[in-house]
Structure formats: C-alpha cells, structure tokens
Amino acid sequence: LPSHSIVCRLLENCRSICELKRIHGVLMVFGLSKEQPFATKILSFSASCISSSRDINYAHKIFLQVPFPSIFDYNVIIRGYSSSKNPYKSLRLFVQMLRNDVVPDHLTYPFLAKACARLMELKLGRCIHGIILRKGFVLDRFVLNSLMHMYGSCSDIVGARKVFDEMPARNLVSWNTMVDAYAKCGKVISMREVFDLMPERDVVSWSCLIDGYVKEGEYMEAMEVFERMIAFGPNAN
RNA sequence: AAAUCCUACCGCCU
C-alpha cells in the first residue's frame with residue numbers, strides 16, 4: 001500500500017492533468033481515491049487546471065466522488081463553474097451546498113456574483129446580494145466589489161453605484177470596477193468623474209477608461225487619454 | 001492538510 005506521505009507528495013508535485021489522472025487511477029486501485037486529504041487534493045488540482053469545458057467536467061466528476069464535500073471543496077467547484085460555459089451550475093451547487101448544511105463563506109459569494117454577472121441574471125444577482133446582506137458579509141471589499149461588477153454586467157448602473165457609494169472602504173479594484181461599469185453602459189461623463197476622483201490608478205483603470213471612450217466612438221478622447229498614460233505612466237496622477 | 005477570493009485587456013483552451 002502506498003504511504004500517505006508519498007501520495008501527498010505525488011499530488012503536490014503533480015504538474016499536469018495527465019499526471020493527475022495516473023495518480024488518481026492508482027489510488028482508485030487501492031481504494032484510496034475517496035480518502036482525505038487525497039480526494040480534495042485531486043479536486044483542487046483538477047480545478048486549478050481548468051482551461052476548457054472538458055476540464056471542468058473532469059473536476060465535477062471528481063467533486064462527485066468526494067464523500068462529504070467541505071466548504072473548500074464546494075468553493076473550488078463553484079469557482080470552476082463561475083467562469084465556465086455554464087455558470088448556472090455554480091448556483092445549483094450553491095443550493096445543493098445549503099441543502100447539505102455546508103455554510104458558505106466570504107470566498108463563496110464572489111464566485112456566485114461572478115456567475116450571475118456572466119449570465120447577466122440581475123434577478124439572481126439581487127437574490128445573492130440579499131443573502132450577503134442577511135449573512136453579514138457587507139464589510140468584505142472583495143464581496144462588495146464582485147457585487148458591483150455583477151450590477152455593472154447586468155446593466156444596472158444604479159445598483160452598481162449604490163454598492164460603490166455605500167461601501168465602508170474602497171480599494172483600487174472598487175474604483176476600477178465602477179469606472180468599468182460606466183464604460184460598459186456608455187456613460188462617459190460619469191465614468192470620467194469617477195476616474196478623476198481616484199486616489200490611485202493602475203493600467204486597468206486606464207484601459208477601462210479608454211474602452212469606455214472607444215465604445216462611445218469618442219476616439220479623440222481615447223487617444224488623448226492613451227497618450228497621457230504612455231507619457232506619465234499608469235500610476236501617475 | 002489550509003489549499004479556494006474582486007476589476008479591463010491580452011494570451012491559452014474550445
């Protein structure tokens with residue numbers, strides 16, 4: 001029988017899905033594939049290599065083999081689906097998780113918000129927002145940023161701005177997400193107002209701004225901004 | 001056994 005530490009080392013040093021499948025196969029032969037921490041390690045590795053819909057299917061199959069999935073296992077698979085072709089599955093897994101009395105954490109919600117954003121499902125997004133309020137995750141910047149992004153992606157600029165205004169503390173991503181939300185809906189005046197108020201900027205801030213102008217056909221403005229960024233650097237003010 | 005968190009574009013995969 002392979003020793004615990006050797007299997008762990010194999011899984012930790014695993015570099016490709018192909019290699020993972022071989023180790024998984026060996027573990028199955030020994031009846032160890034559902035044992036912890038192996039099952040979770042296999043799952044998280046498979047989910048970290050997701051680059052096509054084949055990979056997410058494989059990760060999901062592994063998830064189904066995990067006997068009593070923990071919050072970590074759920075987060076890993078929910079995250080995988082949130083950026084997949086079928087983000088709706090994230091939401092289904094979330095419901096399943098609640099039914100199994102696994103309590104979502106501050107990492108679960110950004111994945112759910114992302115799923116709603118990609119689906120452009122404003123109603124579901126608002127529902128997730130409601131749950132976040134009830135569960136008291138309103139102080140988490142990552143959670144709030146992901147909600148703002150969801151509203152922006154669902155073309156609810158008022159909703160996005162409300163989250164932004166009511167946030168207890170904002171970081172660079174909060175500002176960038178707000179600029180991007182205005183850019184997406186073509187409100188270049190408001191976009192610029194927010195951009196000009198930013199306490200700091202990075203290359204993402206500038207590219208959201210430029211993108212907003214380009215989408216509205218304001219090419220001269222886009223070029224000017226681009227040249228300013230090149231001349232002074234994206235972090236300058 | 002402590003791994004999984006937010007924004008633009010690009011790239012990778014289909």
Side-chain angles (χ1 to χ4, degrees), chain A residues 4-5 7-9 11-12 14 16-17 35-59 63 66 69-86 90 93-94 97 102 104-118 125 128-129 132 137 139-153 160 163-164 167 169-184 191 194-195 198 200-215 222 225-226 229 234:
Chain A
H4 180 104
S5 60
V7 176
C8 283
R9 282 198 54 174
L11 286 169
E12 273 148 25
C14 177
S16 65
I17 279 281
E35 295 290 316
Q36 292 296 12
F38 310 142
T40 289
K41 280 187 189 295
I42 294 167
L43 173 65
S44 63
F45 184 83
S46 71
S48 72
C49 305
I50 292 172
S51 67
S52 69
S53 58
R54 263 183 95 87
D55 299 335
I56 182 74
N57 290 337
Y58 180 65
F63 174 79
V66 178
S70 66
I71 175 63
F72 177 75
D73 301 310
Y74 272 106
N75 280 346
V76 162
I77 194 71
I78 287 173
R79 179 185 81 144
Y81 274 120
S82 72
S83 42
S84 77
K85 218 168 48 178
N86 191 0
S90 291
L93 283 156
F94 173 62
M97 153 182 196
V102 175
D105 66 12
H106 62 114
L107 302 186
T108 317
Y109 295 107
F111 303 143
L112 299 174
K114 182 183 240 171
C116 296
R118 300 200 59 241
I128 298 299
H129 191 167
I132 289 167
F137 283 96
L139 295 176
D140 188 299
R141 271 179 270 189
F142 282 24
V143 169
L144 295 174
N145 289 345
S146 69
L147 275 177
M148 276 175 61
H149 177 243
M150 178 281 295
Y151 283 114
S153 299
V163 175
F164 180 78
M167 283 176 84
R170 294 177 267 271
N171 62 15
L172 178 56
V173 174
S174 320
W175 287 90
N176 286 345
T177 306
M178 196 63 240
V179 170
D180 185 50
Y182 281 122
K184 278 197 187 94
M191 169 180 80
V194 172
F195 182 86
M198 290 181 76
E200 54 173 345
R201 304 189 183 99
D202 66 3
V203 71
V204 176
S205 327
W206 292 88
S207 83
C208 292
L209 186 74
I210 293 167
D211 195 41
Y213 284 129
V214 170
K215 277 189 186 122
V225 162
F226 175 69
M229 180 190 75

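Remember, it's a predicted structure, so these values are computed and weren't measured experimentally. Every chain is numbered from 1, with letters handed out A, B, ... down the list of sequences.
Not counting sequence neighbours, the partners of A:Y109 by the ring pair (Phe, Tyr, Trp, His ring centres under 6.0 Å) test are A:F137. Scanning for side chain to side chain donor-acceptor pair (under 3.5 Å) contacts around A:D211 gives A:K215, with sequence neighbours left out. The side-chain contact (heavy atoms from CB on, under 4.5 Å) search around A:E12 returns A:C8, A:K41, not counting sequence neighbours. Here A:S5 pairs with A:S3 under the side-chain contact (heavy atoms from CB on, under 4.5 Å) rule; sequence neighbours left out. Looking at residues two or more places apart in sequence or on another chain, you find a side chain to side chain donor-acceptor pair (under 3.5 Å) between A:Y74 and A:Q96, A:N100.
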Query raised in the report: For every nucleotide of nucleotides 4-9 of chain B, 5' to 3': is a protein heavy atom under 4.0 Å from its base (B), only from its sugar-phosphate (S), or from neither (-)?
Result: BBBBB-
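Residue-to-nucleotide proximity on RNA chain B shows that, of A:S51 and A:H4, the 5′-proximal contact is made by A:H4.
One can place CG of A:L43 at 18 Å from P of B:rA1, the figure rounded to the nearest angstrom. Between A:K85 atom NZ and B:rU14 atom C1' there is a gap of 7 Å when expressed in whole angstrom units.
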